[in-house]
Every structure is written in structure tokens, then in C-alpha cells.
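For reference, the structure discussed in these notes is given below.
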Amino acid sequence: MNVVPYRTRADRMPPAAVRRTAWARIVAPTIELLAPCALITLGKKAGSVVGKLYDGSLTHYCVRRTHRDSYIHQEARRVHALMRTELKAA
């Protein structure tokens, strides 16, 4: 479920105040309600926001995206393998 609303037109990061407000009003309550076993973000922008604003105990995985998602980046393959190993053990 995409609950990290940080992609904008022209692929620019929204202002910090907008990111914090979206986190407080949308993302944090959704995480609390869903109680997932891990957080998985797609792309560095969403990953950086979660890395800065999330202060909970869940493991956070950031899967790197590629231009137009035309292929799977080697770093994304590494994160997928890590998730399979760690989440299977949980």
C-alpha cells in the first residue's frame, strides 16, 4: 500500500513542512492502524523521508527504482534477497 505521498510533478521533493504534515496526518496513523511487520519503500525519495521521520521499531527496507522502472537494479535485487531472508525468519 502506498502511504508515503512524496512524489510530485517534475519529480521534485515537496517542502519539508508538507512532508512532516503528511507524515503526521497520513503516514504515521496508517502505520499504527495497519501494524505491519516491516516498512518497504519504493525509491530513494520515499526511503529518505521514512528514514528521517520514522522513529519506530519496524525494520525499513528501501528498494531502489530505476528510470521508468524498465529493469530491476542490482541494489534492488540485493534488498529483495535480504527481505526474503529476514522476513521469512520473523
Side-chain angles (χ1 to χ4, degrees):
M1 176 178 195
N2 183 10
V3 297
V4 185
Y6 299 113
R7 290 197 57 111
T8 62
R9 286 187 186 174
D11 210 22
R12 291 190 178 96
M13 186 67 85
V18 172
R19 294 191 305 264
R20 286 190 303 273
T21 300
W23 184 269
R25 292 184 181 172
I26 300 169
V27 181
T30 302
I31 291 170
E32 185 176 337
L33 180 68
L34 294 176
C37 63
L39 295 179
I40 302 167
T41 52
L42 302 177
K44 293 187 290 184
K45 289 182 182 181
S48 70
V49 172
V50 170
K52 289 176 185 172
L53 298 178
Y54 179 68
D55 59 359
S57 61
L58 295 174
T59 301
H60 171 228
Y61 301 96
C62 181
V63 178
R64 182 173 172 174
R65 298 179 67 200
T66 58
H67 183 68
R68 296 185 180 161
D69 293 323
S70 57
Y71 66 98
I72 300 174
H73 193 277
Q74 189 61 33
E75 175 63 16
R77 292 178 192 276
R78 186 191 68 74
V79 173
H80 286 149
L82 182 65
M83 287 189 303
R84 276 193 298 275
T85 302
E86 291 181 353
L87 296 175
K88 188 182 288 187

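The structure presented is a predicted model; accordingly, all values stated were derived computationally and were not measured.
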Please answer whether the main-chain N or O of Y71 pairs with a side-chain N or O of T66 as donor and acceptor at a distance below 3.5 Å.
-> yes
Stepwise side-chain contact (heavy atoms from CB on, under 4.5 Å) test for V63 and T41 = CA-CA 6 Å; V63 178; T41 52; over 6 Å; no
Rounded to the nearest 0.5 Å, what's the gap from CZ on R78 to CE on M83? Could you check?
-> 10.5 Å
If two hydrophobic side chains count as joined below 4.5 Å and joins carry through other members, does L42 share a cluster with I72?
-> no
With L58, which residues qualify under side-chain contact (heavy atoms from CB on, under 4.5 Å), at least two apart?
-> I31, P36, L39, Y54
Closest approach of T30 and I26, non-hydrogen atoms and distance?
-> OG1-O, 2.6 Å
Distance col, row Y61:OH vs E86:CD, nearest 0.5 angstrom, shows 3.5 Å
Rounded to the nearest 0.5 Å, how far apart are CD of E75 and SG of C62?
-> 8.5 Å
Spacing of CZ belonging to R19 relative to NZ belonging to K52, to within rounding of 0.5 Å = 6.0 Å
Atom CZ of R64 and atom NZ of K44: how far apart are they, to the nearest 0.5 Å?
-> 5.0 Å
All side-chain contact (heavy atoms from CB on, under 4.5 Å) counterparts of R68, not counting sequence neighbours = none
Where do G51 and H60 come nearest, in terms of heavy atoms and distance?
-> N-CE1, 4.3 Å
Is it true that a side-chain atom of S48 and a backbone atom of K45 form a donor plus acceptor pair closer than 3.5 Å?
-> yes
